[in-house]
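Keep in mind that what you see is a predicted model, and the values were worked out from it rather than measured. Numbering of residues begins at 1 and proceeds along the displayed sequence.
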Amino acid sequence: QVQLVETGGGMVQPGGSLRLSCVASTPDSSFYAMGWFRQTPGQGREFIAAMTSSGRTIQYGDAVKGRFTISRGSAKASVDLQMNDLRPSDTAVYYCTADSFGGWGIPAASWDYWGLGTQVTVGS
């Protein structure tokens with residue numbers, strides 16, 4: 001079974017930055033796309049960003065456009081999320097996700113694999 005592991009979460013002041021990373025722990029993993037969602041208690045998972053493995057297609061959620069940047073990680077099946085100008089409303093558990101078949105999109109249900117999440121807290 002594919003396992004995704006997120007790292008880099010933590011606490012930061014408003015206006016600060018964090019960089020999240022996600023890597024597939026299973027050997028020889030290959031995905032059509034990888035991305036990030038976030039979730040707060042009682043809410044559904046909100047689309048943040050995604051990119052195809054080629055890097056030719058990149059998409060961001062409206063709430064983070066201009067502040068967050070998704071990029072390929074150093075490992076074969078990995079992805080990073082650079083988060084700048086963080087706001088208290090960015091506080092959430094951030095989840096890495098991967099798509100195997102090309103059916104990825106804004107709905108969380110369109111993705112095939114999920115990490116366990118990493119907490120990001122933006123405190124004033």
Side-chain angles (χ1 to χ4, degrees):
Q1 179 62 48
V2 172
Q3 296 182 182
L4 303 177
V5 181
E6 305 99 334
T7 58
M11 300 180 64
V12 66
Q13 296 291 322
S17 298
L18 285 173
R19 187 175 183 86
L20 307 182
S21 296
C22 171
V23 63
S25 60
T26 52
D28 301 318
S29 295
S30 182
F31 306 118
Y32 186 89
M34 298 185 73
W36 294 90
F37 283 69
R38 68 188 182 190
Q39 187 170 22
T40 55
Q43 304 297 316
R45 293 191 179 185
E46 176 188 10
F47 177 81
I48 299 300
M51 66 183 301
T52 55
S53 60
S54 68
R56 298 188 186 97
T57 301
I58 300 176
Q59 186 173 353
Y60 294 98
D62 289 341
V64 304
K65 287 181 179 177
R67 299 188 297 120
F68 292 9
T69 302
I70 190 170
S71 61
R72 287 180 287 181
S74 58
K76 175 186 176 183
S78 64
V79 66
D80 296 338
L81 184 70
Q82 178 66 45
M83 305 185 295
N84 297 326
D85 191 25
L86 284 162
R87 306 162 181 172
S89 58
D90 294 319
T91 296
V93 177
Y94 284 71
Y95 295 90
C96 178
T97 188
D99 168 62
S100 292
F101 310 112
W104 67 277
I106 293 175
S110 66
W111 296 85
D112 301 306
Y113 304 104
W114 294 90
L116 296 179
T118 184
Q119 178 71 46
V120 172
T121 302
V122 185
S124 59

Minimum heavy-atom separation for [X] and [Y], please, with both atom names.
X: C96; Y: V79; answer: SG-CG1, 4.0 Å
X: K76; Y: S29; answer: CE-O, 3.4 Å
X: Q39; Y: A92; answer: O-CB, 3.5 Å

Within the supplied structure, the quantity of interest is the number of heavy atoms (other residues, nucleotides, ligands) at a distance under 6.0 Å from I58 CD1; does it exceed 12?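 It does: I58 CD1 has more than 12 such atoms within range.
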
Please indicate whether Q3 has more than 12 foreign heavy atoms, meaning atoms of other residues, nucleotides or ligands, lying under 6.0 Å from its CD.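 No, CD of Q3 has 12 or fewer neighbouring heavy atoms, counting only those of other groups under 6.0 Å.
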
Once rounded to the nearest 0.5 Å, what's the spacing between atom [atom1] of [X] and atom [atom2] of [Y]?
X: Y60; Y: L81; atom1: OH; atom2: CG; value: 7.5 Å
X: M83; Y: T69; atom1: CE; atom2: OG1; value: 11.0 Å
X: I70; Y: M34; atom1: CD1; atom2: CE; value: 8.5 Å
X: R45; Y: W36; atom1: CZ; atom2: CH2; value: 12.0 Å
X: W111; Y: D99; atom1: CH2; atom2: CG; value: 5.5 Å
X: I48; Y: D62; atom1: CD1; atom2: CG; value: 10.5 Å

Quick one: salt bridge (Lys or Arg N to Asp or Glu O under 4.0 Å) pairs with a partner in residues 25-38, sequence neighbours left out? R38-E46, R38-D90

Quick test of your reading: applying salt bridge (Lys or Arg N to Asp or Glu O under 4.0 Å), list the pairs with at least one residue in residues 4-23, sequence neighbours left out, ordered by first then second residue.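 Passing the test, one end in residues 4-23: R19-D80.
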
Just say parallel, tilted or perpendicular for the rings of F31 and Y113, cut-offs at 30° and 60°.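 The rings of F31 and Y113 sit tilted, inter-plane angle from 30° to 60°.
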
Ring-plane angle category for F37 and F47, please: parallel below 30°, perpendicular beyond 60°, tilted otherwise.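 If you compare the ring of F37 with that of F47, the planes turn out perpendicular.
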
Name the residue from D85, L18, L86, N84 that meets the side chain to side chain contact (heavy atoms under 4.5 Å, CB included) definition with F68. L86

M51, V23: one ILVMFWY side-chain cluster at the under-4.5 Å cut-off?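 Shared cluster, no.
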
Is there a path from Y32 to W114 through hydrophobic residues (I, L, V, M, F, W, Y) whose side chains come within less than 4.5 Å of each other?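 Linked within one cluster.
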
How about L20 and V120: do any of their side-chain heavy atoms sit closer than 4.5 Å?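 The answer is yes; the side chains approach within 4.5 Å.
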
Between T57 (side chain only) and T52 (backbone N and O only), is there a donor and an acceptor less than 3.5 Å apart? no

Do S110 side-chain atoms and G105 backbone N/O form a donor-acceptor pair below 3.5 Å? yes

